[in-house]
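Working notes, beginning with the structure itself.
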Amino acid sequence: MKKILVLVLALALVLGMANMAAAEEKSPAGQYYSYSFSAEGYGDFVFYFHFYDNDPVLGSVFYAGLSNNRINFAGLYTVEEAPYEYTCYADRDTVVNNGEATTGTAPYTIHFLDWNGEEFDKCGWDGEILYNDCKQITGSGSGPVFYHLDTEGKYQSKYDEEAGISYLSFVAVDDPTCTIGLNHNKTYTDMMVYFIDGNWAISDGENGAKVYTLTPFDETEDTVSLTVAADQKSAVYTNADGETTDMVNAADQGPAALYAGEGAFHVEAYNADATVTATLYDDASCTVAAAIYGNNADIDQGTYTMNEDHSITFQFDNAGELVAKLDMSVGTVVLNYVNGETPLGAMEVVLPLGRAEAEAAAEEAAAEPQVILPLAGGYTTLDLYDNGTYQFTFEKYDLQETGTWKFENYKLTLIQSNGNEIAASLDEAYNMSLEYVAEANDQLKDTYTAERGVWGPALAQ
C-alpha cells in the first residue's frame with residue numbers, strides 16, 4: 001500500500017511539473033519578437049515587441065519599438081488561451097509585391113493594456129510567431145505581418161536602444177513645469193530644475209507608500225528620492241539637501257477638452273434661444289450644457305467612441321445612444337442631439353463638433369502647409385513646405401521623416417527631429433545639391449539637385 005501511495009505521489013508530482021511547464025509556455029515573457037526588411041544599399045529597418053518578465057511593481061510589461069525605435073508603445077499585457085483569427089502577410093516581399101495575406105487561427109490571444117489595465121489592442125500568438133495585425137500599436141511599415149521569435153539576438157543593437165515610456169508621472173503642486181516621469185524600463189526623467197535622467201529602484205515606505213531612489217546616469221549629479229503614496233495620487237520629492245517638494249499625479253489634473261460644438265435651441269417656455277454646447281474630453285467622457293439669460297444648466301453626460309469611418313458613437317445618460325456623422329464639406333463631425341426631457345424642455349439641436357478652442361487655435365496657426373520645393377532623388381522624395389517644415393519619403397518602404405528647414409544667406413539647411421543639421425551646397429553656377437541621411441537608418445541616403453532657376457524663386461520668396 002505504501003509503495004502504491006509513493007507511486008501515486010510521484011506521478012502527481014510529474015504531472016504537476018508538466019502542467020507548470022505548460023503554463024510557462026503560455027507566456028512570451030523575457031522574449032523578443034521581431035520583423036525587419038532591408039532596402040538594398042540602405043540597411044535594415046527593424047520592428048519588434050519586447051515582453052518583460054512579470055515584475056512585482058509593474059506587472060507584465062510590453063514594449064513595441066517600430067521603425068528602429070522611432071515609434072514606441074508600452075503598457076501591460078495578458079495572455080489568454082483562446083483562438084485568435086488573424087490576417088497577416090508572411091513577409092515584406094509579399095506586401096511589396098501585392099501578394100495575398102495569410103489567414104489562420106492562433107491558439108493564444110495576447111491582450112495589450114494601458115497602465116490602468118484597459119485593453120486597447122490585441123493579436124494572435126503561437127509561441128514562435130506573433131501574428132501582428134494590431135490596429136492601435138502600429139506605425140509606417142510595421143504590419144500586418146508575422147513577427148518571429150528572435151532567440152539569437154539578431155537585432156540586439158536595436159533592442160538596446162529601447163526608449164523609456166512613462167507609466168507614472170507627477171507634477172509639482174506649485175510649479176507645473178517641474179515634473180518627474182517614471183518609465184517602464186526602470187529609467188526616469190527629472191525636470192525639477194533641469195533635465196536629468198537615470199535609473200530608479202524601489203523600496204517600501206510607511207503606510208503602503210513606495211520610495212523610488214533616482215540615480216542619475218551622470219555620476220556628477222546627485223541621487224534623489226520620490227516617495228509615492230499608496231494610492232499614487234501624490235508624491236514627495238526630496239533632493240540631495242533634504243529639501244522637499246509636494247507633487248500630484250499628472251493624470252489627476254483633470255481631462256483635457258479635445259472637441260467642442262455649439263448650437264442654438266429655442267426654448268418655448270421663455271420664448272428665447274439657449275446656447276447649447278457639447279464637449280468631448282481626452283478620457284472618452286463628454287458633457288452637454290445649455291446657457292440662457294446668463295444661467296447655465298447641465299443637460300447630459302456620458303462617454304464616446306471614435307469609429308474607423310471618423311464618426312463618433314455617444315452613450316449619453318439621458319439621451320441614450322447617438323451617432324455623430326462626418327460632414328466632409330466642412331470637415332467637422334455633426335451631432336444631432338435629441339433629448340425629450342431636459343430642464344429646458346424637449347430638445348433637438350445640431351452641434352458641429354470641431355477641435356476645442358485651444359487646439360483649434362494651434363491648428364489655425366499651423367495652417368495646411370503647401371509644397372514650395374519638391375525634390376526627387378534616386379529612390380526617394382524630399383518636399384519643402386511653406387511653413388518651414390519638410391517631409392522625406394521612401395515610398396517603396398512606406399517610410400516618412402519630417403523636420404524643419406531654414407534658408408539664410410542663400411544657404412539651405414535641414415534640421416532633423418534629432419537635431420542633426422544637413423546643409424546644401426552650391427556649385428559655380430549656383431545649382432544646389434543636398435545629400436539626405438535618414439534618421440531611421442544612416443545607410444539610407446539619397447541625393448537631390450535643383451537648378452538655380454528652380455530653388456531660387458521657391459526659397460527666396
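Here, residue 1 is the first one in the sequence, and each next residue gets the next number.
Close placement of the Tyr337 and Phe316 rings is indicated, their centers lying within 6.0 Å of each other. Checked against the 6.0 Å centroid threshold, Tyr159 and Tyr32 count as a close aromatic pair.
Annotation: the span from Thr389 atom OG1 to Leu384 atom CG amounts to 8.0 Å, rounded to 0.5 Å. Put simply, CD on Glu100 and OH on Tyr89 are 9.0 Å apart, with the number rounded to the nearest 0.5 Å. Going from atom NZ of Lys158 over to atom OH of Tyr48 covers 9.5 Å, rounded to the nearest 0.5 Å. If you take CD1 on Ile129 and SG on Cys123, they are separated by 12.0 Å, rounding to the nearest 0.5 Å. One finds the CE atom of Met347 at 12.5 Å from the CD atom of Glu341 (value rounded to the nearest 0.5 Å). If you take CG on Asn420 and CD on Glu439, they are separated by 8.0 Å, rounding to the nearest 0.5 Å.
Under the 4.5 Å side-chain criterion, counting only non-hydrogen atoms from C-beta, Leu226 is not in contact with Trp200. Here the side chains of Phe112 and Phe73 are not in contact, with every heavy-atom distance at 4.5 Å or above. Residues Val61 and Leu76 are in side-chain contact: their nearest non-hydrogen atoms beyond the backbone lie under 4.5 Å apart. Residues Glu395 and Thr381 fail the side-chain proximity criterion, which asks for heavy atoms closer than 4.5 Å. Residues Leu344 and Val276 fail the side-chain proximity criterion, which asks for heavy atoms closer than 4.5 Å. Using a 4.5 Å heavy-atom threshold, the side chains of Phe47 and Phe37 count as touching. Taking 4.5 Å as the limit, some side-chain heavy atom of Tyr155 sits within range of a side-chain heavy atom of Asp150. Counting heavy atoms from C-beta on, the side chains of Val334 and Lys325 never come closer than 4.5 Å.
The main-chain N or O of Gly127 is found under 3.5 Å from a side-chain atom of Tyr33 such that the two form a donor-acceptor pair. Here the side chain of Asp133 pairs no donor or acceptor atom with the backbone of Pro144 at under 3.5 angstrom. Remark: the backbone N or O of Ile165 is not paired with any side-chain donor or acceptor of Asn72 at under 3.5 angstrom. A donor-acceptor pair under 3.5 Å links the side-chain atoms of Asn68 to the main chain of Ala440, judged by distance alone. Counting only distance, with no hydrogens or angles, the side chain of Lys210 and the backbone of Gly208 share no donor-acceptor pair below 3.5 Å. In terms of modelled atom types and a separation under 3.5 Å, the side chain of Tyr304 and the main chain of Tyr281 share a donor-acceptor contact. A donor-acceptor distance shorter than 3.5 angstrom exists from the side chain of Tyr63 to the backbone of Ala163, with no hydrogens or angles considered. Distance alone, capped at 3.5 Å, places no donor-acceptor pair between the Asn69 side chain and the Gly65 backbone.
Atom CG of Asp174 has 12 or fewer heavy atoms from other residues, nucleotides or ligands within 6.0 Å.
Counting only N and O atoms by type, the side chains of Gln391 and Thr393 include a donor and acceptor under 3.5 Å apart. Under 3.5 Å, the side chains of Asn54 and Ser60 contain a donor-acceptor pair of N or O atoms. There is a side-chain donor-acceptor pair under 3.5 Å between Tyr237 and Asp190. For the residue pair Asp44/Ser36, the side-chain donor-acceptor check at 3.5 Å is not satisfied.
In this structure, Trp125 and Lys26 approach most closely via the heavy-atom pair CZ3-O, 3.2 Å. Shortest non-hydrogen contact noted between Thr138 and Ser142 is OG1-OG, 3.2 Å. Considering every non-hydrogen atom in both Leu399 and Arg70, the closest pair reads CD1-NH1, 4.3 Å. Across every non-hydrogen atom of Pro343 and Asp298, the tightest pair is CG-O, 4.4 Å. When all heavy atoms of Phe170 and Lys233 are compared, the closest pair comes out as CE2-C, 4.4 Å. Taking all atoms of both residues into account, the shortest heavy-atom contact from Gln136 to Phe120 is CG-O, 3.1 Å.
Ring pair Tyr167/Trp115 is tilted by interplanar angle, where 30° to 60° counts as tilted. In this structure, Phe49 and Tyr147 have perpendicular ring planes: the angle between them is above 60°, well past the 30° mark. Aromatic ring pairs are classed by plane angle as parallel below 30°, tilted from 30° to 60° and perpendicular above 60°; the pair Tyr77 and Phe51 is perpendicular. Taking the six-membered ring for Trp and thresholds of 30 and 60 degrees, Tyr131 and Tyr86 have nearly parallel ring planes, at less than 30 degrees apart.
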Considering only distance and modelled atom types, tabulate donor-acceptor pairs under 3.5 Å from the side chains of residues 241-252, sequence neighbours left out.
{"residue": "Glu243", "atom": "OE1", "partner": "Asn239", "partner atom": "ND2", "Å": "2.9"}
{"residue": "Asn249", "atom": "OD1", "partner": "Ala251", "partner atom": "N", "Å": "2.9"}
{"residue": "Asn249", "atom": "ND2", "partner": "Gln232", "partner atom": "O", "Å": "2.8"}

Intermediate values then yes/no, side-chain hydrogen bond (donor to acceptor under 3.5 Å, both in side chains), Asn271 and His266
CA-CA 7 Å; Asn271 192 29; His266 188 73; 3.3 Å; yes
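Taking a cutoff of 4.0 Å between a charged side-chain nitrogen and a carboxylate oxygen, Lys186 and Asp55 qualify as a salt bridge.
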